[in-house]
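Report on one structure; see the data block that follows.
The analysis underlying the following values was restricted to heavy atoms, covering all of them including side chains, and did not include hydrogens, waters or symmetry mates.
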There are 2 protein chains.
Amino acid sequence: MLVFDEKSCPVTATMKVLGGKWKAILINAIYHTSPARFGELKRSVKGITQSMLTQQLRELEDDGLISRKIYAEIPPKVEYTLTEFGLTLAPIMQSLANWGLAYRMKKQKE
Amino acid sequence: MLVFDEKSCPVTATMKVLGGKWKAILINAIYHTSPARFGELKRSVKGITQSMLTQQLRELEDDGLISRKIYAEIPPKVEYTLTEFGLTLAPIMQSLANWGLAYRMKKQKE
DNA sequence: CTGCATCCTTCGGGATACTG
DNA sequence: CAGTATCCCGAAGGATGCAG
């Protein structure tokens, strides 16, 4: 019989990385803004708090999806970009966006 | 300036439907088992509890992704299948699975 | 076999204030 | 400007028992 668990279902692994309320939208934002500054993200990603933004960015960094460049300036400046590996998410983001649009269309009719 | 919120970012809509701990894996399981019986899913989706399974299936049904067919038999029998709309998730599931594999490969090297 | 109700726990997410 | 440190809450997730 087929079995679906964390080991045999890679879908789960992806969802862990992209899951939660902010990860996907952040990847998307950085992808379209690159390089993205911290304050810039804070302004463009509506509703996210500073602490959440910091936390989520760290987790994405730990997963190797984004890289963080610190400029030793006053005032401080930090830029985020997708890593090469993070860029491999592009097709997924694209299909997620497309499907989201289709889903909305469907909901509207109802 | 670009803005990323729930209205302008369809990715978010998709993640709401596919988010949480079980949705994606359930879609995947039903896709590969169709038609899938309740008990069958309970056995194949490792770690899920009965109540969670029921709840998640209902939500997927409400979103129009799966359909539920009840057989008036003793013992009871219920079958779940992806709806036509649910099937449009197939390419996403595929890319999620592929990326998950790549992610694992990368983690192994580290 | 399938499903609901109840109760409980965990943790993701958030508000606020403070720092270099 | 970018980030940390606390404290807090609600919802997601889970265990268990009962029912058709």
- Closest approach of A:Pro10 and B:Arg104, non-hydrogen atoms and distance? CA-NH2, 3.5 Å
- Looking at A:Ile30 and A:Leu82, what are the two nearest heavy atoms and their distance? CG2-N, 3.9 Å
- Task: Would you kindly give the NZ-to-C1' distance between A:Lys46 and C:dG14, to the nearest whole Å?
- Result: 18 Å
- Message: Can you give me the closest heavy-atom contact between A:Leu18 and A:Lys23, atom names plus distance?
- Response: O-CB, 3.6 Å
- Task: Measure from the side chain of B:Pro75, starting at C-beta and using heavy atoms only, and say which of C:dG13, C:dA15, C:dC1 lies closest.
- Result: C:dC1
- Task: Nearest-nucleotide wise, let me know which of A:Pro76 and A:Lys21 is further upstream toward the 5' end of DNA chain C.
- Result: A:Lys21
- Rounded to whole Å, the CD1-P distance (A:Ile25 to C:dG13) equals 13 Å
- Message: In whole Å, I'd like the distance from the NZ atom of B:Lys16 to the P atom of C:dG13.
- Response: 13 Å
- Within the structure, does a side-chain N or O atom of B:Tyr80 lie under 4.0 Å from either OP1 or OP2 of C:dT2? no
- Message: If you compare all heavy atoms of B:Ser8 against all heavy atoms of B:Asp5, which two are closest, and at what distance to 0.1 Å?
- Response: OG-OD1, 2.7 Å
- Message: Need one value for B:Thr54: base, sugar-phosphate or nothing, where a base atom within 4.0 Å counts as base even if backbone is also close, heavy atoms only.
- Response: sugar-phosphate
- Message: What is the separation between atom CD on A:Gln56 and atom P on C:dC11, rounded to the nearest whole Å?
- Response: 16 Å
- Note on the structure: When rounded to whole Å, the NZ to C1' distance for the pair A:Lys23 and C:dG12 reads 10 Å
- Outermost contacting nts on DNA chain D, any atom under 4.0 Å from chain B heavy atoms, listed 5' then 3', are D:dG13 to D:dG20
- Message: Any base atoms under 4.0 Å from A:Arg68, or only sugar-phosphate, or nothing? Heavy atoms, all strands.
- Response: sugar-phosphate
- Could you tell me the separation between the CD atom of A:Gln55 and the P atom of C:dG12, rounded to a whole number of Å? 8 Å
- A:Gln50 CD - C:dA17 P separation (whole Å): 13 Å
- Write down the atom of A:Thr33, the atom of A:Glu40, and the distance for their closest heavy-atom approach. CG2-OE2, 3.4 Å
- Kindly compute the distance separating CD (A:Gln94) from CG (A:Asn28), expressed to the nearest 0.5 Å. 8.5 Å
- Message: In whole Å, I'd like the distance from the NZ atom of A:Lys42 to the P atom of C:dT16.
- Response: 12 Å
- Message: I want to confirm an ordering. Mapping B:Arg37 and A:Gly47 to their closest nucleotides on DNA chain C, which one lands closer to the 5' end?
- Response: B:Arg37
- Any idea how B:Tyr103 and A:Phe85 line up, ring-wise: parallel (<30°), tilted (30 to 60°), or perpendicular (>60°)? parallel
